[in-house]
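Accompanying notes for the structure given below.
Scope of the values below: all heavy atoms of this structure, side chains included, with no hydrogens, waters or symmetry mates.
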Amino acid sequence: MQENGSLLTEAHWSEWIIGRVVPGVAKKLAWLRPGHSRLQSLSATIGVALLLANLGGCRPATPDPAPRARLIATVRSEPRSFNRVLTADRLSALLAHLTHGRLVRVNSATQDIEPWLAESWVMEENHRDWRVTLRRDVRFSDGEPFTSADVEFSLAAVFDPAVGSPLAEALAPAGHPIRVVALDPYTVRVSFTASYGPGMRLLEALPILPRHRLQKALSEGTFKQAWSTTTPPSELVGLGPFRISRYIPGQRLELERNPHYWRRGADGTRLPLLDELILEIVPDQNAEMLRLETGQADLVSGELRPEDWARIERLQEQGRLKVIELGIGLDPEALWFNLTPHFARREPSRAAWMQRLEFRKAVSLAIDRVDLVRTIYLGAGVPIGGPVTPGNRLWHDDAVRPVPQDTERSRALLTSIGLVDRDGDGIRQDSDGHPIRLTLLTQRGHAIRERTAAYLEQDLVKVGIDLDVVALDTPALVARLSSGDFESVLFVVQSSDTDPAANLDFWRSSGAFHLWFPSQATPSTDWETRLDALMDEQVASTDPATRRAVFRRAQLLLAEHEPIIHFAAPVLRVAVSPRVQALQPGLLQPYLLWNADSLAVSAP
Amino acid sequence: MVRHISVAVARGTCKALGLAILVASAAYFLVQLAPGDFAQTSLDLGASVGERATQQVVLGLDRPVLVQYADWLVKLAHLDLGDSWLYQRPVVALVVERSTNTLSVSFIALTVAALAGLSIGTWRAATPRRWAAVLVDVVSATLVSLPALLITLVLAVVGASTGWYAVGGLSPDWWRGTDQSVFAALFLPVAAIAIPLAAAIERLQSQAIGAATSARFNQGLVARGVSPRRVTWIHATRVASAPVVSVLGFLAANVLNGSLTVELFLGWPGLGRLLVEGLSARDLPLVAGCVAVGTLIVTCCLAATGAVAEALDPRDRGVADGARG
């Protein structure tokens with residue numbers, strides 16, 4: 001917020017109005033009413049001038065004696081509840097980062113875990129239990145001490161059937177909830193039902209709630225109403241660097257520093273460094289960018305879109321903004337076909353070719369990924385061959401290569417399954433003479449997805465496949481996907497973490513995000529049986545090298561059968577105000593605010 | 001006379017309420033018809049069928065549409081618009097909060113536009129300088145035909161590059177003038193709404209004044225030695241204002257439309273933004289509530305300007321009284 005800048009310009013405005021405009025208007029007024037004396041019009045002028053001056057500058061001109069370090073960020077949506085256990089949207093996750101503590105933290109810059117409220121941990125003999133030592137002298141934002149009872153309570157709240165928390169799934173590997181037992185006030189035992197590779201990393205998902213505040217609500221069954229958006233902020237208590245001080249619906253969330261925050265900087269200074277953190281609610285991305293450009297916001301929630309780059313680079317040259325490259329995005333756009341038996345029963349003649357491996361391979365081969373990166377991402381991206389992009393430092397494998405364009409092979413594959421252009425109109429037909437025409441659903445209003453869909457349409461028509469792109473708004477698209485009423489889709493699935501064990505619902509055939517055929521009772525194909533087995537092995541192993549080797553095989557197996565086709569991953573960039581200091585950008589959401597306790601702002 | 005007024009007020013109120021319920025019901029059914037429902041949008045893509053069904057039962061979406069609608073009507077009869085599913089707060093509180101923001105901006109914009117439009121319009125009709133009249137005509141015609149979005153964009157670009165005023169956002173303390181100057185915060189939304197409106201009013205006013213000045217009774221005044229300026233600014237203005245004011249009602253309704261664009265683009269926390277948020281989440285009670293209140297506001301504007309127009313032009317009143325016998 002450029003306080004001084006806006007003061008200055010206001011002064012200019014008032015001066016200009018009083019000096020030039022008002023006398024001009026007064027002259028006209030005098031001309032209009034010849035009967036009136038000069039004195040009268042002069043007094044009218046002064047009156048108008050006073051009114052304008054009053055409007056423009058009814059604010060003290062002297063700056064605050066002790067300026068508070070304040071950072072303004074924008075968010076896209078409104079909070080639905082301040083109870084983190086009840087909500088799973090992006091804003092709730094951000095608020096959890098800012099206002100709650102966790103036992104371990106995933107460092108977004110290194111993508112590795114580090115001790116947080118848990119000071120240290122050791123694996124016990126049975127490879128299933130962890131003995132965790134908690135940090136002492138940690139206090140909640142109301143001054144009450146943090147102990148092992150709070151950890152037990154938080155987990156109990158997540159797994160309470162009456163609460164039905166969306167966080168429960170992430171804390172229950174293979175459907176078996178983890179257990180926490182307090183051994184003494186500063187030691188807990190975390191137990192898994194089976195050996196679990198990522199181990200303590202899982203606990204990143206558990207926000208630590210104040211037992212002394214919420215125990216009553218949980219035991220009385222009113223937990224779902226606790227900490228709603230109308231709860232007075234003074235009742236919202238946490239272990240994070242900030243606490244909510246005010247919520248103005250539709251406008252902003254104001255957070256202030258938590259005076260009891262436990263963490264200190266490397267030089268011993270008390271964190272957080274900011275006094276205030278304002279989250280302005282700006283649903284529209286264009287409006288968000290405007291706020292950033294004018295200095296009304298210091299950082300925005302999303303990454304820059306390719307169409308913003310030219311303008312932002314100009315502003316960077318002027319020193320008004322700073323562009324930060326985060327790396328290659330973790331969640332690439334993907335195309336998948338409906339491979340469910342339900343579809344095969346409904347449309348047997350279409351499924352006969354659409355659900356064949358050769359067809360998917362032909363589609364994949366027809367796309368020029370290098371040119372797609374150039375056209376859609378303006379060169380700022382890389383072609384990819386699977387869901388794990390090079391941005392994922394620990395799990396990306398170079399053995400999974402992007403498929404190079406080969407239209408000849410693509411055509412040959414299509415001909416081999418009997419799809420031939422019999423009438424010479426450029427579009428192939430199946431054996432019954434029906435043209436190979438597919439509907440591709442995508443998200444309306446998302447420029448990259450809409451443009452990628454149009455790009456695919458153009459490449460596929462060259463091999464004789466006619467793609468009809470239908471862009472739907474998000475609720476309609478999700479409705480079609482959930483009911484299985486689609487032929488093919490171009491969309492994205494957000495991964496919860498860089499560790500593949502956190503994304504089993506995508507990899508395993510029983511998972512809800514096994515998009516091409518979700519929630520299978522038993523694996524429907526031989527290769528999915530093998531994929532399930534590999535993922536199970538990968539998750540169970542506690543040896544990092546073994547886990548990586550097994551996951552490589554799983555990735556190669558997926559690439560071989562390509563039930564979901566990936567094309568490119570963009571290089572993510574964000575723009576921030578040059579005021580913001582000590583940024584440690586990361587690829588996981590929230591990109592910049594994940595280490596909000598260490599962020600600082602330079603004096604305006 | 002008093003009976004006349006009370007009957008007219010009662011009739012007007014019934015009409016406004018009926019229209020609001022009708023339009024809100026239409027919105028209710030249209031949202032029901034749109035693909036996807038709140039149970040789906042509030043849960044993740046991978047939510048199981050069971051989770052979705054539970055959510056639908058919680059929201060009452062599993063019942064037949066007509067039963068849900070009847071339920072909503074019964075609540076409405078108790079002046080209860082229900083709770084927003086998205087915000088988990090009463091719709092009435094949300095709508096009141098947001099429509100205050102919309103109305104304050106719209107009211108200021110309407111006042112500014114009316115003052116500017118009426119005075120420029122009158123001046124344009126009276127001015128003997130042809131080039132000035134042509135200039136006003138060209139500028140007004142251009143501004144009338146520009147869409148609100150374009151004007152907002154241009155103003156936003158100017159604001160962003162010069163830093164003269166804020167581009168969007170409302171400081172919560174704007175009315176106290178402590179955090180961000182009122183002028184800087186309100187300039188853009190007010191200007192974006194007022195500019196095309198002022199141009200439209202100017203067009204109407206200059207034509208109405210032109211017609212009124214050439215009317216026989218005003219020509220008579222001129223013949224009796226009343227100065228032409230006095231005829232234009234006092235006698236013709238009074239006659240001309242009646243049709244202008246009645247059109248102003250429609251324009252005020254249009255302001256709500258224009259403010260929707262401005263709100264969305266600038267992130268102004270008004271009724272329009274709330275409606276769009278409700279629509280994209282398929283939040284039925286919220287959409288119906290927003291539409292009902294929006295309709296009420298529009299009908300009130302129309303009724304109020306109708307009454308003012310009637311009061312302004314003595315001829316209308318006479319005809320009306322005569323007709324009533």
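Salt bridge annotation for R70(A)-E280(A): absent, with no cationic side-chain nitrogen under 4.0 angstrom from a carboxylate oxygen. At a threshold of 4.0 Å, the pair E263(B)-R273(B) does not count as salt-bridged, since none of the basic side-chain nitrogens sits closer than that to a carboxylate oxygen.
If you measure heavy-atom distances from R320(A) to chain B, the contacts under 4.5 Å come from the side chain alone. Looking at I278(A), neither its backbone nor its side chain comes within 4.5 Å of chain B, counting heavy atoms on both sides. For a residue to count as touching a neighbouring chain, one of its non-hydrogen atoms must lie under 4.5 Å from one of that chain's; by this rule D473(A) touches chain B with the side chain only.
Heavy atoms only, all atoms of each residue included: L91(A) and S77(A) are closest at CD2-O, 3.2 Å.
In this structure, Y247(A) and F82(A) have perpendicular ring planes: the angle between them is above 60°, well past the 30° mark.
When each of P518(A), P249(A), S228(A) is checked for heavy-atom pairs under 4.5 Å with chain B, P249(A) comes out on top. Heavy-atom pairs under 4.5 Å with chain B were tallied for L290(A), D505(A), V282(A); the largest tally goes to L290(A). In terms of heavy-atom pairs under 4.5 angstrom with chain B, the leader among E78(A), E293(A), H514(A) is E78(A).
Between the R246(A) side chain and the E254(A) main chain, no donor and acceptor come within less than 3.5 Å of each other.
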